[in-house]
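I have placed the structure first, in the form of structure tokens, so that the comments after it can refer back to it.
As the structure is a prediction and not an experimental result, all values here were calculated from the model. Whatever order the structure lists them in is the order used to number ligands and atoms, beginning at 1.
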Amino acid sequence: MKRLGVNIDHIATLRNARGEKHPNPVFAAKKVIKLGADSVTIHLREDRRHINDLDTKEICALNKVLVNLEVSMNSEIIKKALRYKPNYICIVPENRKEITTEGGLNLKDNYKKLKEIIFKFKKSNIRTSLFINPNLNDIKLSKKLNVDCVEIHTGKLANYVKSHKNFSSELNRIKKSSKLASKLDIEVHAGHGLDYKTTKILTKIKEIEEFNIGHFIIGESIFYGLPKVIKSFINRVYSVREQRESNLIKNKVAFFSKRFAAKEAFAKALGTGFRMKLNFKDIEVVNDKMGKPNYVTNKKITKMIQNKFKIKKYNCFLSISDEKKYSTAFAIIQS
Ligand code: PXP
């Protein structure tokens, strides 16, 4: 299951440029959720250059809006975060002169301080994440720090992709870090500098469960509008039909997590994984009148199966089960 969190700090930057009230970040928070995002991210910086205390208080108090609050290790900010009680916290490094968060936390140097902060957030039942660089040592330290999640800094990968440089080593670091984190039962998120292309590359790492994206979504929305841009990100994972069906379902997390497991199972049965131009949205799952799920066969999938197994006719079978926190799926392709 992949979720989209939209960082709305840039709405506050725009508002602050005039020192007035428009555009309003609280309205933006409600709007992005209405448009299909799973959560909003805001960063209460020590210098308050975008989101301010009142925004944070009001956004955290919104009903039906899951809020991911980014905070530094500054004790005044930590106190405020504990008071405003967001659903999620992401601890990030902060440096006054930076234009944006430039890299992950230094976990080794800040180990003791982080341990105390994480303890406080977890005691308040706030899901806590650390913004880290993709390396295995930091994943192991995150485990020792007892966080729920890590958010992998994808800025380096995004820069390589945008400047048409070879990004395979960086991608490999992200893959390995994500796999280890998931093995250690740490939920994996990714963020920084992501656009359509980098997000699409990263959707193939199955361990990444959440993308937090800001600058590109808000920037692109100036030209194409927020509804279209958010939809374009969601479209990178789920088909139009699946999205339409999800609108009728109350428990969207369970709905998408079952679809996600079914897509994974199909890619495994085909034996290619998400390579050879196979994308998540190529594999569609529908339920018949009795509720039985099955795959939709389209031209692309048929061609891939025929080429891979050297067969003309085939059948697909799918079985999905779910528990409260897990979904599993089995797929069979029969000649
Ligand atoms: N995730 C974290 C932890 C961040 O600090 C930021 C903003 O720096 C983002 C995601 C979003 O990055 P961007 O605005 O480049 O999409």
So does K258 pair up with E264, basic N to acidic O under 4.0 Å? no

Presence of salt bridge, R3 and E187, under 4.0 angstrom: yes

Minimum heavy-atom separation for L66 to N87, with atom names? CA-OD1, 3.4 Å

Between ligand 1 and the protein, find all N/O pairs closer than 3.5 Å and give the distance for each.
unit_1, atom_1, unit_2, atom_2, d
ligand 1, 1 (N), E151, OE2, 2.5
ligand 1, 5 (O), E70, OE1, 2.9
ligand 1, 5 (O), E70, OE2, 3.4
ligand 1, 5 (O), T101, OG1, 3.2
ligand 1, 8 (O), T100, OG1, 3.2
ligand 1, 8 (O), T101, OG1, 3.4
ligand 1, 8 (O), H192, ND1, 3.3
ligand 1, 14 (O), H215, N, 2.8
ligand 1, 15 (O), G193, N, 2.8
ligand 1, 16 (O), G214, N, 2.8
ligand 1, 16 (O), H215, N, 3.4

For K175 and I205, indicate whether the former's side chain and the latter's backbone hold a donor-acceptor pair under 3.5 Å. no

Under a 4.0 Å threshold between the charged nitrogen and the carboxylate oxygen, would D55 count as salt-bridged to R15? yes

Modelled atom types, side-chain donor and acceptor of T41 and N68, under 3.5 Å: yes

